[in-house]
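Notes follow the structure.
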Amino acid sequence: MKIIFLGTNGWYDTKTGNTLSILIAAKRHNIVLDAGNGFAKLDQVLFNSNPIFLFLSHFHLDHLIGLHTLFKFSFTQKLTIAGPRGTRKVLRALLKQPFTSPLDRLPYQTEILELPGDEAPLPFKVEALNLVHPPLSMGYRFYLERKKIAYCPDTGYCKSAVLLAKGADLLISECSFLPGEYSPEWPHLNPQVAAGIAKEAGAKELALVHFDAAKYTTMTMRKKALREAQKIFPNTIACRDDQVIEL
C-alpha cells in the first residue's frame, strides 16, 4: 500500500507545495484524503480502475478548492465523496454555475455519503469522529490490508484525535502551527502536540502535513518542526509534495 502526498500545504499554494490532498493507493481501493489543489494531480498517479473514495474533512476552501478540477478527469470507475453532515448541501452549492459545472454533468458516476451514518456502502471499515476546529472538522480511521491509518486534519488537541490514532500503523496529522505556537481561539497543532498525540495513542509512525503556508515559508522551517517533533516521537516524517511512502 502506497501513500502519495499530492499536496501538503495549508491555506494556499506556495513554492513549498499545493494545498492538502493525499492518495492512499490500496490493492482494491483508491482513497483520497481532502481535495485541496493537490487533488488536481490525481490523474498523474492513478493507474488502475479501482473505485475512488474521496473523504472530505471539512469545508474550508483549502480542502475543497481542487474539486473544480473534477471535470479534467475521465475516470472509468465510480467516485464516492464522503464527508461530515452537510456535505450534500455544501457540494450542491459549490459545484454548480457560476462556479463550475454540477456533478451530474460529469462523465463518470458519483455518489455522496455523509458520515457518520452512511458507512454501509463503503467496502472497507472506516471510523469518523469530530475534531476541534471551527466550524467543523472530521477525522478518520481506516482499516486497510490489516493496517490502521488515522487522518487528523485541522484540529487542536482533543480526545477524538487520540482515539483515531490509537495503535495506528500511520497517523497523518496536521502541523499548522510553528513549534511552541498555540491558540485556543483557532485550534491547530504544532509539531510537539502532534507528536504528543502519536505518543499518547501508541501510533507506530507520524506523518506531518498541512503546514500553514503563511508560517512555513521554506522547507527549512519544516525540517525544524520535524526535529522538534522527533524529540517527542522519533518515528516522525515531515511530508513534502509528491512524496511516496509504503506501508
Side-chain angles (χ1 to χ4, degrees), residues 1-5 8 20-34 50 53-58 63 82-84 113 115-133 136-177 179 187-211 225-239 243-247:
M1 182 163 47
K2 292 184 178 180
I3 303 14
I4 305 172
F5 297 89
T8 55
L20 192 62
S21 192
I22 301 161
L23 170 64
I24 302 172
K27 288 182 180 178
R28 297 182 179 86
H29 315 103
N30 295 301
I31 298 170
V32 184
L33 308 177
D34 276 319
N50 292 338
F53 300 87
L54 169 60
F55 287 83
L56 300 175
S57 61
H58 63 300
H63 295 253
L113 306 177
L115 305 176
D118 288 348
E119 291 89 350
L122 295 172
F124 47 83
K125 183 180 178 181
V126 58
E127 296 173 1
L129 294 175
N130 290 339
L131 300 172
V132 177
H133 185 69
L136 167 69
S137 185
M138 179 167 280
Y140 297 100
R141 179 181 173 94
F142 301 94
Y143 296 80
L144 300 162
E145 300 176 18
R146 299 183 180 180
K147 301 288 186 181
K148 299 182 286 290
I149 300 175
Y151 178 52
C152 293
D154 288 41
T155 185
Y157 175 87
C158 61
K159 185 175 292 186
S160 291
V162 178
L163 289 172
L164 290 170
K166 189 172 181 61
D169 294 278
L170 176 66
L171 166 60
I172 303 172
S173 171
E174 74 122 285
C175 184
S176 297
F177 284 162
H188 276 292
L189 300 178
N190 63 42
Q192 295 100 327
V193 176
I197 290 172
K199 182 176 181 179
E200 181 180 353
K204 295 180 181 178
E205 185 174 7
L206 171 63
L208 299 177
V209 295
H210 196 272
F211 295 91
L226 175 62
R227 289 193 295 270
E228 294 301 319
Q230 288 177 332
K231 292 176 183 178
I232 298 168
F233 190 79
N235 198 18
T236 301
I237 60 173
C239 298
Q243 183 174 357
V244 180
I245 64 173
E246 294 198 14
L247 194 63

Nearest heavy-atom neighbours spanning Pro153 and His63:
CB-CE1, 4.3 Å
Considering only heavy atoms from C-beta outward, does the side chain of His58 approach that of Met138 to under 4.5 Å?
no
Please give me the minimum heavy-atom distance between Ile24 and Met1, naming the atom from each residue.
CG2-SD, 3.8 Å
Asn30 side chain to Asn50 backbone, donor-acceptor under 3.5 Å
yes
Donor-acceptor check, side chain of Glu145 to backbone of Lys27, threshold 3.5 angstrom: yes or no?
yes
Please confirm whether the backbone N or O of Lys148 pairs with a side-chain atom of Asp169, one donor and one acceptor, at under 3.5 Å?
yes
Do Leu144 and Leu247 make a side-chain contact, defined as non-hydrogen atoms from C-beta onward lying under 4.5 Å apart?
no
Could you give the distance from CD1 (Ile4) to CD (Gln243), rounded to the nearest 0.5 Å?
11.5 Å
Pick out which of Phe55, Tyr151, Phe53 makes a ring-ring contact (aromatic ring centres under 6.0 Å, His included) with Phe142.
Phe55
Of all heavy-atom pairs between Leu189 and Ser173, which one has the smallest distance, and what is that distance?
CD1-OG, 3.4 Å
Nearest heavy-atom approach of Arg141 to Leu164 is NH1-O, 2.7 Å
Do Tyr157 and Val162 have side chains that approach each other closer than 4.5 Å (heavy atoms only, starting at C-beta)?
yes
Say whether Asp34 and His210, considering side chains only, have a donor N or O and an acceptor N or O under 3.5 Å apart.
no
Per-pair distances, 0.1 Å, donor-acceptor, side chain in residues 115-132, under 3.5 Å, sequence neighbours excluded:
from, atom 1, to, atom 2, distance (Å)
Asp118, OD2, Arg88, NH2, 2.9
Asp118, OD2, Glu114, N, 2.8
Glu119, OE1, Gly117, N, 2.9
Glu119, OE2, Gly117, N, 3.3
Glu127, OE2, Tyr143, OH, 3.0

Nearest 0.5 Å please: distance from the CD1 atom of Ile22 over to the CD1 atom of Ile31.
12.0 Å
What pair of heavy atoms forms the shortest contact from Ser57 to Pro84, and how long is it?
O-CG, 3.7 Å
Where is the tightest heavy-atom contact between Cys239 and Ala207, given as atom of each residue plus distance?
SG-CB, 3.7 Å
Quick one: OH on Tyr140 to CG on Leu56, what's the gap to the nearest 0.5 Å?
6.5 Å
Interatomic distance, Glu205 atom CD to Leu170 atom CG [nearest 0.5 angstrom]
5.5 Å
Can you tell me how far apart CG (Leu54) and OG (Ser21) are? Round to the nearest 0.5 Å.
7.0 Å
Kindly compute the distance separating CD1 (Ile237) from CD1 (Ile245), expressed to the nearest 0.5 Å.
4.0 Å
Do any N or O atoms from the side chain of Asn190 and from the backbone of Phe177 form a donor-acceptor pair under 3.5 angstrom?
no
Counting only N and O atoms by type, is there a donor-acceptor contact under 3.5 Å from the side chain of Gln230 to the main-chain atoms of Thr236?
yes
